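Notes for the one structure printed next.
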Amino acid sequence: MNKADILVGIQWGDEGKGKIVDRLCAEYDYVCRSAGGHNAGHTIVVNGEKYALHIMPSGVLHPNCKNIIGNGVVLNPEVLISEMAQFDNLEGRLFISNRAHLNLPHHALIDKAKEKSKGENAIGTTGKGIGPSYADKISRTGHRVCELLEPEKLCYDLLKDYENNKNLYEALEIKAPEQGELLNNLKRYKEILSPYICDTTRLIWQALEEDKKVLLEGAQGSLLDIDHGTYPYVTSSSTISAGALCGMGLNPHQVGKVIGIVKAYTTRVGHGPFPSEDKSEIGERIGAVGKEFGVTTGRKRRCGWFDAVSVKYTCKLNGVDELALMKLDVLENFDEIKICKAYEYNGEIIDYVPTDLQNCTPIYESINGFSKLAGIKKYENLPINAKKYISKIEEIVGVKIKIISTSPEREDTIIL
């Protein structure tokens, strides 16, 4: 029986998971999304054409690859339907867990209203309703994808929810939906999505028993994990490899290789601690060259140098077997490139991630810069200083880099 490989983001998200999943999909029969919702965004460039995916697994661009949206995802039907419209012949290639929870319009309204009320203390959510969707799930008041198959009953239940939470909705200035419009939307969701809804847990078990190759595709990054990230500036789900198993219905014995994805520098969207952030013109330059704007929100990402301390931490959390280093080409033509190798914390030098990361000051090691990197497809053709940079990351983190991306294009990738 085969085992499922896991691909997981190792920083604060936006590491470039979409390209690597797309690049690896030719080797897999199934690609699965295990958590998150349309707050995550994967950008894939194929032959100069850009695809932005939010819920759809990245394997959709490969005609022979089957795509599963797992039970751990909170699914917005409207967003998924709009993404599906980009592709033909999805029947038999797309499967949606009947146990996944629904992310509906009122979730986004709650999200935005609560974030606005926090003022300067806002977390910096995407406002897509992900947190409220997971909150309903945990409080056992949510609604699952399987309920779309009975739209009249789901409509009744949702209107009853509005009535039961009337005081909250009035306080947040959220109006209840009109019954006819709500029911029509639910019927449309059923009509479009019902051919794809199934028990994906049994499906993936069967696939592994038949020795199919399966890849679990993580959303966001490990430093945004609800338990192990920079709380409260985190997402609402588990973003590490263990969470991927829960989000698909797999057990630890079914795990194969864990591939960690890191960017050659560090970025973060929204608020929260970021020790290696560079607020000078250097950080601005990294952001401009790397086109660091959120796929989902369009927000400008905060940029800084590679934080090897946090990457070492998240590699341990995930049991990473190998790393994929993304966007190395963005660091072309810098005089020097820095790596955060330790923190100064309460007067001491530490090499771990404390709970109050905001009180850490980065300690850097510098390497001379390099040029003419974009598009290189063989390791031996990399500039010597680029190789030194890669080796230094491996030395501090303790994990080998096996994949190196040298441009956004699918084929500009070094596989070691």
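Residue numbers run from 1 in the order of the sequence given. Bear in mind the structure is a predicted one, so any value in this text is a computation, not a measurement.
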Inset, instruction - Check whether any side-chain heavy atom of His228 lies under 4.5 Å from a side-chain heavy atom of Tyr313, and answer yes or no. - result: yes
Legend entry - Lys137 atom NZ: more than 12 heavy-atom contacts under 6.0 Å: yes
Inset, instruction - Begin with the C-alpha distance, continue with both residues' side-chain angles, and end with the deciding distance and a verdict on side-chain contact (heavy atoms from CB on, under 4.5 Å) for Leu416 and Ile414. - result: CA-CA 6 Å; Leu416 299 176; Ile414 299 169; 3.8 Å; yes
Legend entry - Smallest separation among heavy atoms of Pro77 and Leu102, with atom names: CG-CD2, 4.0 Å
Legend entry - Residue Glu365 excluded, over 12 heavy atoms near CD under 6.0 Å: yes
Legend entry - Derivation of the side-chain contact (heavy atoms from CB on, under 4.5 Å) call for His107 and Asp136: CA-CA 9 Å; His107 290 124; Asp136 280 357; 2.9 Å; yes
Inset, instruction - Indicate yes or no for a side-chain donor-acceptor contact from Arg33 to the backbone of His54 under 3.5 Å, with no hydrogens or angles considered. - result: yes
Inset, instruction - Give a yes or no answer on whether the side chain of Ser222 reaches the backbone of Gly9 with a donor-acceptor pair at less than 3.5 Å. - result: yes
Inset, instruction - Check whether more than 12 heavy atoms from other residues, nucleotides or ligands sit under 6.0 Å from atom NZ of Lys402, and answer yes or no. - result: no
Legend entry - Heavy atoms of other groups near Glu380 CD, more than 12 under 6.0 Å: yes
Inset, instruction - Please report the shortest heavy-atom distance between Ile396 and Ala308, naming the atom on each side. - result: CG2-CB, 3.5 Å
Legend entry - Ring geometry between Tyr345 and Tyr352 (parallel below 30°, tilted from 30 to 60°, perpendicular above 60°): perpendicular
Inset, instruction - Would you please say whether a donor-acceptor pair under 3.5 Å links the side chains of Glu336 and Ser366? - result: yes
Legend entry - His106 and Tyr169 aromatic ring geometry - parallel, tilted or perpendicular at 30°/60° bounds: perpendicular
Legend entry - CG (Asn251) with more than 12 external heavy atoms under 6.0 Å: yes
Inset, instruction - Could you go through the salt bridge (Lys or Arg N to Asp or Glu O under 4.0 Å) check for Arg99 and Asp199 one step at a time? - result: CA-CA 8 Å; Arg99 293 184 175 92; Asp199 185 339; 3.1 Å; yes
Inset, instruction - Give the intermediate values and the outcome of side chain to side chain donor-acceptor pair (under 3.5 Å) for residues Gln220 and Thr235. - result: CA-CA 8 Å; Gln220 301 179 302; Thr235 193; 3.0 Å; yes
Inset, instruction - Classify the ring geometry between Phe334 and Trp305 as parallel (under 30°), tilted (30 to 60°) or perpendicular (over 60°). - result: perpendicular
Legend entry - Ser238 side chain to Asp225 side chain, donor-acceptor N/O pair below 3.5 angstrom: yes
Legend entry - Reference residue Met56; test side-chain contact (heavy atoms from CB on, under 4.5 Å); the match among Leu94, Val31, Val79, Leu61: Leu94
Inset, instruction - Report the distance from atom NZ of Lys17 to atom CE of Met326, rounding to the nearest 0.5 Å. - result: 10.0 Å
Legend entry - Tyr379 and Ile390, any side-chain heavy atoms less than 4.5 Å apart: yes
Inset, instruction - Count the heavy atoms belonging to other residues, nucleotides or ligands that lie under 6.0 Å from NZ of Lys387, then report whether that count exceeds 12. - result: yes
Inset, instruction - Output yes when a side-chain donor or acceptor of Lys300 lies under 3.5 Å from a complementary backbone atom of Glu292, and no otherwise. - result: no
Legend entry - Value rounded to 0.5 Å, distance of SG in Cys146 from CD1 in Ile96: 12.5 Å
Inset, instruction - Give me the one residue out of Arg302, Lys338, Arg268 that meets salt bridge (Lys or Arg N to Asp or Glu O under 4.0 Å) with Glu277. - result: Arg302
Legend entry - Asn184 versus Glu181, side-chain donor and acceptor atoms under 3.5 Å: no
Inset, instruction - Could you tell me whether Asp321 and Lys400 make a salt bridge, using a distance below 4.0 angstrom between a side-chain N and a carboxylate O? - result: no
Legend entry - Cys65 backbone acceptor or donor facing Asn67 side chain under 3.5 Å: yes
Inset, instruction - May I ask you to check whether over 12 heavy atoms, not counting those of Asp211, lie within 6.0 Å of atom CG? - result: yes
Legend entry - Residue among Glu210, Glu209, Arg202 satisfying side chain to side chain donor-acceptor pair (under 3.5 Å) with Gln206: Glu210
Inset, instruction - Verify whether one side chain among Glu348 and Tyr343 offers a donor that lies under 3.5 Å from an acceptor in the other. - result: no
Legend entry - Heavy atoms from other residues, nucleotides or ligands near NZ of Lys377 exceed 12 (cutoff 6.0 Å): yes
Legend entry - Closest non-hydrogen atom pair between Val8 and Ser241, with its separation: CG2-N, 4.3 Å
Legend entry - Main-chain N/O of Lys257 paired with Asp5 side-chain donor or acceptor, under 3.5 Å: yes
Inset, instruction - Provide the closest heavy-atom pair for Tyr134 versus Gly72 in the form atom of the first, atom of the second, distance. - result: OH-O, 2.7 Å
Inset, instruction - Check the side chains of Thr141 and Ser139 for a donor-acceptor pair under 3.5 angstrom, ignoring hydrogens and angles. - result: yes
Inset, instruction - Examine distances only and state if a side-chain atom of Asn318 and a backbone atom of Ile240 form a donor-acceptor pair shorter than 3.5 Å. - result: no
Legend entry - Check: Trp205 side chain, Gly249 main-chain N or O, donor-acceptor pair, under 3.5 Å: yes
Legend entry - Ile130 to Gly37 - nearest heavy-atom pair and separation: CD1-CA, 4.0 Å
Legend entry - Under 3.5 Å: donor-acceptor pair, side chain of Lys128, backbone of Asp111: no
Legend entry - Backbone of Ser280 reached by a side-chain donor or acceptor of Asp278 within 3.5 Å: yes
Legend entry - Nearest heavy-atom neighbours spanning Val320 and Gly260: CG1-N, 3.7 Å
Legend entry - Salt-bridge present (Glu191, Arg188; N to O < 4.0 Å): no
Legend entry - Side-chain donor or acceptor of Thr314 paired with backbone N/O of Ile10 under 3.5 Å: yes
